[in-house]
Amino acid sequence: MGALVNVLLVVCFMIVGQVSTMTSPDLQQRLQDLDTFIQNLMTCESRPVVGLTVSVVKDGQTVFAKEYGQRDLQTGQAVDNRTLFGVGSISKSFTSALLAAILREREDVSWDTVLTDILGPSFRFRDRFRTEEATIRDLLAHKIALENPWYVAVIMGQDIDRSEFARRMRYYREIYPFRTTFRYNDVMYKLAAHVAERLAGKPFETLLRERILQPLGMNDTVYLAEALDAGDFTNFAQTYLSYNRSGESETRSREEYRSVKLHLPAAGVVSNALDMARYMKFHLSGGRDTAGRLVVPEDTLRQTQTASSVMSSYWDKVEPYWPVEAWLTQGYGLGLSTGSYRGYRRVYHRGSMVGFTSLLSLYPSASGGVFTSMNGPTTTADDIHDVIHYQVADILTGKDHWLNSTTACTYPTPWWATRQTRSTAIPKISDNFPRDKRDYEGVYGNHPTGNLTISLNTTDDKLYFSLGLIGRGLVLPAESPNQIFLRAEEPLEYIPTIVADVEVKGGEVFSLSLQSYPPEPPVVFERGLKLTDPDPTEPEWDDCTGVSGSPKRTALSYTFAFLLFWAYMFTV
């Protein structure tokens with residue numbers, strides 16, 4: 001009986017402790033100060049913000065959920081707690097959470113299951129080693145190290161399904177040797193979604209809704225492409241390319257949502273402050289819903305929050321250059337980054353897509369987290385997210401603030417005065433093409449990404465290109481006779497002009513190579529190439545060895561590896 005009383009007393013103290021934490025005058029005052037801090041931040045002349053939503057959780061409770069600014073400048077509608085914002089790459093953590101839920105049901109599959117064991121022996125990468133060894137963990141931790149044709153495959157979109165995308169994976173080129181370097185790659189999450197589909201037998205969209213969103217009560221959360229198909233933007237925030245205090249603004253077209261359909265697993269989730277508070281509590285509670293029911297096993301979910309890849313520490317903000325350790329990088333887990341803030345472990349991810357920017361930060365040892373999202377502009381969005389997250393982190397961990405209303409407006413100055421930026425020099429356009437415009441007409445194929453079509457409009461005598469779902473615009477001559485420019489029009493008129501190198505064979509235009517930022521290789525489109533044609537650079541594998549990534553791995557392959565190991569040991 002005494003033991004029972006002691007247990008009841010402990011439980012009571014735990015409950016009282018939690019309530020007192022939530023209702024303590026100190027916490028309430030600091031949250032009020034946070035509201036004032038954010039309102040002041042919204043008035044900074046150097047960084048105008050259209051709309052902002054913020055939610056904070058602590059000890060299993062939503063302790064702060066507020067909205068600022070406008071969701072639509074034209075209608076004058078204000079942001080509220082149910083206004084929908086695209087969470088961008090935070091979507092990757094939803095994909096890993098879904099896979100964690102599926103793994104709960106499959107004793108024969110783990111994070112380290114080889115992909116060919118799931119997708120079958122017909123699936124392959126360009127090289128044998130990746131094909132035989134790549135796992136679910138490698139996909140989610142960005143260790144595959146293949147090309148990431150962002151503008152072509154993501155921004156402009158692909159009109160294919162995930163099964164066809166998986167087939168095309170054999171054409172993606174290596175950037176770094178497998179597993180040697182962290183190489184952030186959005187398109188690999190499309191492959192991860194296909195893995196989920198093969199394991200659970202349903203479309204990714206359905207699986208995410210059934211296994212994660214509905215159990216967590218995230219009933220407002222939707223997908224960008226589905227909203228476009230339905231034409232329902234009732235609760236959506238409008239995104240903006242530009243905005244200033246004088247009232248001038250430029251909207252972004254919602255037609256961009258179309259390109260995110262295939263890209264949903266990496267960047268297509270749309271949510272709001274209240275639903276994202278539920279999502280944070282799910283991660284902080286070890287995979288449980290608000291009623292305490294297990295959605296994902298704690299140990300499986302924990303691996304998504306634990307570093308599997310080492311990331312660059314280039315952006316670290318540490319003493320003595322900063323007043324505090326504001327950002328210390330550790331690595332990348334499975335859809336989430338890991339690091340620390342002022343000695344506290346931090347699990348986080350940024351997101352940016354179609355004009356929305358977001359940031360999610362979790363502090364497991366403090367049982368708290370914060371989510372912020374904005375609808376534009378993107379120019380100083382990262383700084384605004386950082387400032388708010390630092391302020392909230394201080395509250396969650398009981399630290400004194402190191403930022404005030406003045407330094408919040410100047411951040412990262414005076415500690416970080418300059419940043420490296422990519423060159424945005426405008427290409428030099430020529431008056432005339434070096435050859436007849438009709439010589440450029442045709443369909444140019446690229447095995448991984450699809451077709452680029454160039455045609456001459458006889459009405460205005462101009463060349464136009466079309467690429468993917470929403471890529472279209474003018475083809476312009478360059479001063480160099482071996483180059484042309486692709487200048488995108490609505491809805492992608494804001495992206496930089498794409499430089500294409502022209503290769504001529506036998507006096508005719510043979511291929512167009514779209515330049516990329518190194519180390520990303522150019523995307524080469526070959527004239528007349530059909531996507532069903534074999535790639536001459538694809539290695540041919542001997543039939544007697546085959547692809548050994550299936551469940552029936554031969555004993556011979558293991559014996560051969562064993563002999564090689566001993567041969568090495570006796571020769572060194």
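Model, not experiment: these values are computed from the prediction.
- Looking at R126, R183, R130 one by one, the single match for side-chain hydrogen bond (donor to acceptor under 3.5 Å, both in side chains) with E174 turns out to be R130.
- The line from CG of N451 to CG of L531 is 4.5 Å long, rounded to the nearest 0.5 Å.
- Taking the six-membered ring for Trp and thresholds of 30 and 60 degrees, F433 and Y440 have ring planes inclined between 30 and 60 degrees apart.
- Taken to the nearest 0.5 Å, the OG1 atom of T329 stands 11.0 Å off from the CH2 atom of W315.
- In this structure, E441 does not pair ionically with R438, as no charged nitrogen and carboxylate oxygen lie closer than 4.0 Å.
- Side-chain polar atoms of E325 and S340 form a donor-acceptor pair below 3.5 angstrom.
- Side-chain contact, Y184 with S89: a donor N or O sits under 3.5 Å from an acceptor N or O.
- No donor-acceptor distance shorter than 3.5 angstrom exists from the side chain of E503 to the backbone of S511, with no hydrogens or angles considered.
- Within the structure, side-chain hydrogen bond (donor to acceptor under 3.5 Å, both in side chains) contacts touching residues 157-168 (residues at least two apart or in different chains) are Q158-K190, R162-E197, R162-E205, E164-R167, E164-R168.
- A salt bridge does not link R435 to E508: none of the charged side-chain nitrogens sits closer than 4.0 Å to a carboxylate oxygen.
- Taking every heavy atom of both residues into account, T239 and G355 meet most closely at CG2-C, 3.6 Å.
- Closest approach of F371 to I90, counting heavy atoms only: CE1-CD1, 4.1 Å.
- A side-chain donor-acceptor contact under 3.5 Å links D138 and T135.
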Given the rule in the side-chain hydrogen bond (donor to acceptor under 3.5 Å, both in side chains) test, do N375 and Q238 qualify, once you have shown the distances and angles that lead to the verdict?
CA-CA 6 Å; N375 59 335; Q238 171 65 54; over 6 Å; no
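- A distance below 6.0 Å separates the ring centres of Y189 and H142.
- Scanning all heavy atoms of the two residues, the minimum distance from L73 to Y240 falls at N-OH, 2.7 Å.
- At a cut-off of 3.5 Å, with distance as the only test, a side-chain donor of N244 or S246 sits close to an acceptor on the other residue.
- Interatomic distance, D386 CG to L359 CG, rounded to the nearest 0.5 Å: 6.5 Å.
- Note that OG1 of T53 and CG of N272 are 7.0 Å apart. Values are rounded to the nearest 0.5 Å.
- Donor-acceptor pairing under 3.5 Å is recorded for the side chains of S361 and H389.
- S358 approaches G86 most closely through the heavy-atom pair OG-O, 3.1 Å.
- The aromatic rings of Y390 and W402 lie tilted to each other, with the angle between the two planes from 30° to 60°.
- The OH atom of Y172 sits 8.0 Å away from atom CG of N185, with the distance rounded to the nearest 0.5 Å.
- The heavy-atom pair separating F236 from A227 by the smallest distance is CZ-CB, 3.5 Å.
- E520 and N148 share no side-chain donor-acceptor pair at under 3.5 Å.
- Across all non-hydrogen atoms, the minimal contact from V523 to R173 is CA-NH2, 4.0 Å.
- In this view, S337 and M311, Y332, Y348, H349 satisfy the side-chain contact (heavy atoms from CB on, under 4.5 Å) rule, not counting sequence neighbours.
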Checking ring pair (Phe, Tyr, Trp, His ring centres under 6.0 Å) for the pair Y176/F178: CA distance, chi angles, key distance, verdict?
CA-CA 6 Å; Y176 299 108; F178 178 46; over 10 Å; no
